[in-house]
Amino acid sequence: MPGDPIRGLSGERPMPPTARQQLTDRYNLDDPLMRQYAKYIGVMRQDDERGFSGILQGDFGQDFRGRPVSAHFRERLPVTARLALGALGFETILGMVAGVLAGLRRSGFLDNLVLVATTAVISIPMFVLGFLTQLLLGVKFGIFPVAGLRQGWISYVLPSMVLGSVSLAFIARLLRTSLADNVRANYVRTAIAKGLTRQRVVGLHTLRNALIPVVTFLGVDLGFLLGGAVVTETVFNIPGLGRAVFEAVLRQEGFVVVGIVTFLVVVFMVANLVVDVVYAILDPRIRYG
Amino acid sequence: MRRSRPNLARMVAAAAALTMAASACDRQGNEPAPGGTPGAAGGSISTFIKEPEDLRTLNSNESEGIAVLDALYATLVEYHNRTSEPINQVAESIDTEDGGRTYTIRIRDGWTFHDGTDVTAESFVRAWNYGAYGPNAMQNSGFFARIEGFDAVQCGTVRTTSEDGEAEQVPDCENQPPTAQELAGLEVVDDLTFRVSLTQPETFFPTRLGYVAYAPLPTSFYADPQAFREKPVGNGPFRMAEPWQHNRSIRVERFADYAGDDQPLLDGIEFRIYDDINTAVNDLLAGNLDVVDELPPERVREVEQQIPDRVGESPGSGVNYIGFPSYVDFLQNADLRAALSMAIDREAITERIFDGSRQAANALVTPVIPGYQEHVCENWAHDPEEAKRRFEAAGGVDAIPSPLVVWVNAGAGHEPWVEAVTNMWRDTLGIQEIDFEQLAVWSEYLGKLDNREVTGPFRLGWQMDYPHPQNYLQLVLDLDFVPPVGANSTFYDSEEFERKLDEALAVTDLDEAIPVYQEAQRIACEDTPLAPVFFNTNFFAWAEGVQDLYVNAFGNINYTDVSTSR
């Protein structure tokens, strides 16, 4: 990041040299970037004895305000998790319904409607969608809270919907195509021939197979949601990890960004592990061993 | 006008509030808001802030933290809400006998901190000592620099070589610790009296004392300064209701034992933390937030249309100017600088760019400061004919590089008016080739200014710390106050100006000093190291039921005046 973050901290007013030096030392800002990174990760020892050991030791350090980065996780992870779960739930349920309806009646009215609607959602940038719904549903009609988390779970509804909207479109389209392929498969024909009800054929046989690409997508999507949270949380003023990243970038706190992103990568990897396990449940052929 | 049925309880409350408001009037000298009746006691409001950097008086110097600290602390002097005039608050008297070198400060009896301990002379002296002590690295340590013995409590420096091979002096507290623990210039006389000795006379010293860095601190602060930040203990009208909820809110409640005459009417205030002010404005319009104290300029008209009776306007202390760095060769020509300044039609900028929501500036010292002059000298006023003449005298277009590079920090809303300024230079002076150097990162921009790396006129602003002409003239124009010590980013260097300023600084009585400060400002105007363009205006909005809201010249709200009818 260009510029001197400490100069930015004090603005037009000068910062006392000692305070400046203390911050420079604490964050190794005099070091070349790679050495700063190595020290922050913890593969290289600190020069002084300030008790910071590095990310590898589970220590994420402090931000410029002197608060531990781990305090951000503690305060903000539950918020972002709720938001992401809300988005995940919203996009999965609505996306699957739309996908099934479109997939079962291809080229019908519903299929076209889903096609047009998803195209629209995908093409609108998330922050535009956020401000638009905020202005319409929050300020104008007052259905949802405009911003913040003060009204409990209902505060999460609108931001979750905005956050999940793009993925919803993807899920609907993925499922539609996948379902359309599977409907014509031999095992479905067999199932119909056996006289099973339509519900059972679609619900248990077809959908289960058709869901595999969707589940793959959901795993990747979690990373996308965390990225999208940067926008959504800022628009809706939600104190989550996404907003923390946004603030840290603005304040040029490179090490805070690295800390949070490292943390999110771990979360992302765990999520993908879960996805791999779910494959095995959906399709016994993919069991490992 | 709204009528409501009188009811007994309300009348009693109103009567009680009236007496309180009346006594607040005596003290603060405030007249009640025009047409408004003093509000009833009780109720609480929510107000917009962004996440503060810190909530310790010694380490907080940005508007967000100060907005909260103003409610939590009472300082030796307070500023009149409308005129910014300093009025003794915790101080009973602040006296000097030797023309401003030593001050004897007597504080009023009966003040307590929120934790019940007494406010004494020691509460001030120990806090100031802590703030000044180098190894504590408090951001506001500079406020104690004029007190005797400040150098002795600073860390020594060592010579190091920076990355780009330049030798520089770096403070090193470990190997060069301070030689003293406390400021020699602070002396506790008795429980309620202390004496301050300055290194040189400073007649405006009492005016400074309203700044939050000079607030007293209870002994609990020293036990754990880090923890104190999360739930500071003050002596002001409000106290923390719960620890700071980071990125969410800071809630304060009425302090029952508050000793000030300006008793608060509100039961509590919730400082609600937002990232984006636009979200807060939306929240206000939707009825979820009570106060926004700084409407973004581009939304003022919109908000005025939606809630016409609930938008206020007041003069701010900020001034925006175009600086002419003295280290740039072609800008060393005084005629050229004057021509550039006189070509700027300030009225047109405030009207067309800001829709009338800014005030045209023909002075550096702003209208909220005693001794403000509407017209300082012709160089800071619009005069296209004279501008042309002076420009030709300076050598015309040939005297400036082509293209002329103008520096501006991008993304903070300054581009439109700076562009307007350059258009005026084009039209009036015939400078055709003008380029912009736009820097999006504020700290990078400041760094260029500090390191004398700017190659042409630049835009910058200044906002006061305390209401005194010195705060503008010395900090922005004195050569002793170049970055990083002060804000003289043009590196203006004039012996005549500094002599006049020193003369002004030596006069104890402000009324007598004002003409001398005005002369100093006139010298600067004749030299034109910078061209003031406009003064800031505060715009604020409130929810229905909020009364007597006013944003003062510091950009803060005096919450003891505010009431709510809900």
So which of B/G142, B/S249, B/G134 has the biggest tally of heavy-atom pairs under 4.5 Å with chain A?
B/G134

For B/D275, is it the side chain, the backbone, both, or neither that has a heavy atom closer than 4.5 Å to a heavy atom of chain A?
both

B/E51 versus chain A, heavy atoms under 4.5 Å apart: side chain, backbone, both or neither?
both

Evaluate the side-chain proximity of A/V79 to B/R248: yes if any heavy-atom separation is below 4.5 Å, no if none is.
yes

In Å and rounded to the nearest 0.5 Å, what is the CZ to CG distance from A/F131 to B/D276?
5.5 Å

Does the side chain of B/R272 pick up a donor-acceptor pair with the side chain of A/N237 at under 3.5 Å?
no

If I take atom CG from residue B/N247 and atom CD from residue A/E247, how far apart are they, to the nearest 0.5 angstrom?
5.0 Å

Can you tell me if CZ on A/F246 sees more than 12 non-hydrogen neighbours from other groups inside 6.0 Å?
no

Closest non-hydrogen atom pair, A/R243 against B/I273:
NH2-CG2, 4.3 Å

So, for B/A286 and A/G138, which heavy atoms are closest and what is the spacing to 0.1 Å?
CB-O, 4.2 Å

Please check if the number of heavy atoms outside A/F263 that lie under 6.0 Å from its CZ is greater than 12.
yes

Counting only heavy atoms closer than 4.5 Å, note whether B/Q306 contacts chain A via side chain, backbone, both or neither.
neither

Shortest non-hydrogen contact from A/V146 to B/T279?
CG1-O, 4.4 Å

Report the option among B/L475, B/N282, B/N59 that has the most heavy-atom pairs separated by less than 4.5 Å from atoms of chain A.
B/N282

Please look at A/R67 and chain B and tell me whether the side chain, the backbone, both or neither of the residue comes under 4.5 angstrom of a heavy atom of that chain.
both

A/L135 versus chain B, the contacting section by heavy-atom distance below 4.5 Å
side chain

